[in-house]
Amino acid sequence: MEWHALFRPHILDRGIEYYEDGNVIDFECTEDTITARVMGSEDYNVEIDIEKENVLGMYCSCPYARDGKQLFVKQMERLKTK
């Protein structure tokens, strides 16, 4: 699966910008999980579950993701670019 396809283009662009600005902290990557804290208007926790190149699931503690827009959050994109 091409993980870029999980994000709307403007979210992808903003996520890359936030990453380049150094807003991804506490980054950890294991064989099957990527986690980090992402600084935005507040700090948000992000987790991405992976298997090989496939994204199995994503979680972000931001209000946008809690509203059911889980696949389109810029914090998750920031984490995947790390």
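Only this structure's heavy atoms are used, side chains among them; waters, hydrogens and symmetry mates stay out. This one's a predicted model, so the numbers in the text were calculated from it and none came from an experiment. The chain is numbered in sequence order, starting from 1.
- Partners of Asn45 under the side-chain hydrogen bond (donor to acceptor under 3.5 Å, both in side chains) rule, at least two apart in sequence or in another chain, do not exist in this structure.
- Atom CG of Asp21 and atom CZ of Arg14 lie 13.0 Å apart (nearest 0.5 Å).
- Atom CD1 of Ile50 and atom OG1 of Thr30 lie 7.0 Å apart (nearest 0.5 Å).
- Shown here for Val24 and Ala36, the closest heavy-atom pair between the two residues is CG1-CB, 3.9 Å.
- In the hydrophobic clustering of ILVMFWY residues, with side-chain heavy atoms under 4.5 Å counting as a link, Ile34 and Leu56 come out apart.
- For Ser41, the side-chain contact (heavy atoms from CB on, under 4.5 Å) partners are Tyr44, not counting sequence neighbours.
- Considering only residues two or more places apart in sequence or on other chains, Asp26 meets the side-chain contact (heavy atoms from CB on, under 4.5 Å) condition with Arg37.
- Applying the side-chain hydrogen bond (donor to acceptor under 3.5 Å, both in side chains) test to Asp49 and every residue at least two apart in sequence or in another chain returns nothing.
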